[in-house]
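This structure is a prediction, so every number in the text was calculated from the model and none was measured.
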Amino acid sequence: MTFLVLLLALLVERFSRWRLRLQQDIFWLRLLDRVELDPDLAGDPRRALFRLVLLPVLVVGVLLALLSLPLYGWLALPLHLFVLIYSLGRGDVLTELRPFREAWRRGDSEAACLVAERNLAVEAEESLSLLRRVQGYLLWQAYQSFFAVIFWYALLGPVAALAYRLLALTGEHTTLPVLRERSVRLRHLFDWLPARALALSFALVGNFAAVFRVLLSYLSDREVPAAKLVIEAGRAANEGQEAEVLVGEAGLMTLDELWQLLVRAGMLWYVVLALAILFL
């Protein structure tokens, strides 16, 4: 059933708007507001994370366990699909990049900087730096929105995927520094394995030698941020294309090539998962 749910989630994510309808965070955000207004919880990040992350995960886990008993577990399939789609990242990275692409194609660097800052929260003072940052944005958003969630769903099921997304939402939306710090630290642990799995995928579907050098340089570094590893590995897979400022279509081609790299890595993950289900 795992592979079927992953296929259905991919179809929903790519070819329908159901994901936007299912990803409604309003109830969780209300819970976050109540936690932050409670002085006892606001000063204890462990109890706050129990309310915000562990408790919803436990509720979903119990529901899945109950639905898995009759009809060989097929009643749990809709809940699996709902949780997986909810756990995917918010927004659509290709849609978010569209205004930047239009400005960059025109050669309007000032407009490109403005839309990158407004739509992507990416800032840079000159064109080469801006293009590199937008490339990094594309790689990181694809990882945290899709690859990390798929990894944990395939490995541990929907509860792990949901825990990852709730930790990410906590780090993004909380106004409490101590709670943000604790959620970011826990998310770093969640990111350690899938970030390296994606980097290895880049090596297999891109420039193997260049990506392998990146992996070796961070092999013993447990504190390297997942974003840094994913971005450097993705750029290394397309090594040799950023020595100078690439204006117009030439610059956009680097974004297209990175997207194709991500598509190939995704296909590799699905093939490996299908083989694992067939032969293990």
Side-chain angles (χ1 to χ4, degrees), residues 1-15 19 64 68 72-74 76-77 79-89 93-94 138-165 167-168 187-219 222 224 226-239 256-280:
M1 184 170 67
T2 297
F3 191 69
L4 176 59
V5 172
L6 288 172
L7 283 178
L8 291 174
L10 182 62
L11 293 174
V12 169
E13 198 272 339
R14 284 291 91 194
F15 301 110
R19 178 167 67 93
L64 287 169
S68 297
Y72 302 99
W74 285 104
L77 190 147
L79 184 56
H80 273 253
L81 184 60
F82 171 79
V83 173
L84 179 58
I85 293 174
Y86 178 82
S87 301
L88 296 175
V93 65
L94 294 181
L138 171 61
L139 289 165
W140 172 246
Q141 290 302 316
Y143 163 78
Q144 68 90 22
S145 294
F146 182 78
F147 285 95
V149 175
I150 294 300
F151 178 91
W152 286 116
Y153 178 82
L155 189 66
L156 297 177
V159 292
L162 179 61
Y164 180 86
R165 182 53 52 203
L167 278 174
R187 186 181 176 184
H188 175 74
L189 298 177
F190 264 84
D191 280 325
W192 195 93
L193 196 55
R196 283 154 180 79
L198 181 58
L200 180 59
S201 304
F202 288 159
L204 295 175
V205 300
N207 188 325
F208 183 88
V211 178
F212 198 67
R213 286 196 297 270
V214 173
L215 285 172
L216 284 178
S217 66
Y218 295 126
L219 188 62
R222 298 180 180 178
V224 59
K228 183 176 182 180
L229 176 62
V230 168
I231 291 170
E232 291 193 15
R235 287 174 178 159
N238 286 336
E239 192 179 56
D256 294 335
E257 288 164 358
L258 286 176
W259 181 253
Q260 291 304 316
L261 175 75
L262 291 163
V263 170
R264 294 196 302 272
M267 292 176 62
L268 176 64
W269 280 34
Y270 271 76
V271 169
V272 170
L273 181 60
L275 292 175
I277 292 173
L278 287 174
F279 297 106
L280 295 182

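- Annotation for Gly234 and Leu258: closest pair O-CD2, 3.6 Å, computed over non-hydrogen atoms.
- Separation of atoms CZ (Phe151) and CZ (Phe190) is listed at 11.0 Å; rounding is to 0.5 Å.
- Two residues are said to be in side-chain contact when any heavy atoms from C-beta on lie closer than 4.5 Å; Pro194 and Phe147 fail this criterion.
- For the atom pair Leu81 CG and Leu6 CG, the distance stands at 10.0 Å (nearest 0.5 Å).
- Judged by distance alone, the side chain of Arg264 and the main-chain N or O of Ser201 form no donor-acceptor pair under 3.5 Å.
- We find the CG-CD1 distance between Leu8 and Ile85 to be 8.0 Å, quoted to the nearest 0.5 Å.
- For Met267, the CE atom sits in a loose shell: 12 or fewer heavy atoms of surrounding residues, nucleotides or ligands are nearer than 6.0 Å.
- Scanning both residues, Arg19 and Leu88, for their nearest heavy atoms gives CD-CD1, 4.0 Å.
- The minimum heavy-atom distance between Ala265 and Val205, with the atom names listed, is N-CG2, 4.1 Å.
- Within the 4.5 Å cutoff, side-chain heavy atoms of Leu162 are placed close to those of Ser87.
- Two residues are said to be in side-chain contact when any heavy atoms from C-beta on lie closer than 4.5 Å; Pro158 and Leu64 meet this criterion.
- Between Asn207 and Ala236 the shortest heavy-atom distance is CB-O, 3.5 Å.
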Apply side-chain contact (heavy atoms from CB on, under 4.5 Å) to the pair Leu7 and Tyr270, showing each step before the final yes or no.
CA-CA 9 Å; Leu7 283 178; Tyr270 271 76; 4.0 Å; yes
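- Between Leu94 and Trp259 the shortest side-chain heavy-atom distance falls below 4.5 Å.
- Considering CH2 of Trp140 and CG of Leu229, their distance stands at 10.0 Å, rounded to 0.5 Å.
- Within the model, atoms CD of Glu13 and OG of Ser145 stand 8.5 Å from one another, a figure rounded to the nearest 0.5 Å.
- For the pair Val83/Val159, no side-chain contact is recorded, criterion being any heavy-atom separation below 4.5 Å from C-beta on.
- For the pair Trp269 (side chain) and Ile150 (backbone), a donor-acceptor distance under 3.5 Å is absent.
- For the pair Asp191 and Val230, the minimum side-chain heavy-atom distance is 4.5 Å or more.
- Here the closest heavy-atom approach between residue Leu139 and residue Ile231 is recorded as CD1-O, 3.6 Å.
- The heavy-atom pair separating Ala199 from Val211 by the smallest distance is O-CG1, 3.2 Å.
- Two residues are said to be in side-chain contact when any heavy atoms from C-beta on lie closer than 4.5 Å; Leu4 and Trp74 meet this criterion.
- Within 6.0 Å of CZ on Phe212 lie no more than 12 heavy atoms contributed by other residues, nucleotides or ligands.
- Note: Tyr153 and His80 have perpendicular aromatic rings, judged against thresholds of 30 and 60 degrees for the angle between ring planes.
- By the 4.5 Å heavy-atom criterion applied to side chains, Leu262 and Phe202 are counted as neighbours.
- For the atom pair CG of Leu273 and CG of Leu278, the computed distance is 9.5 Å after rounding to the nearest 0.5 Å.
- For the pair Arg196 (side chain) and Trp192 (backbone), a donor-acceptor distance under 3.5 Å is present.
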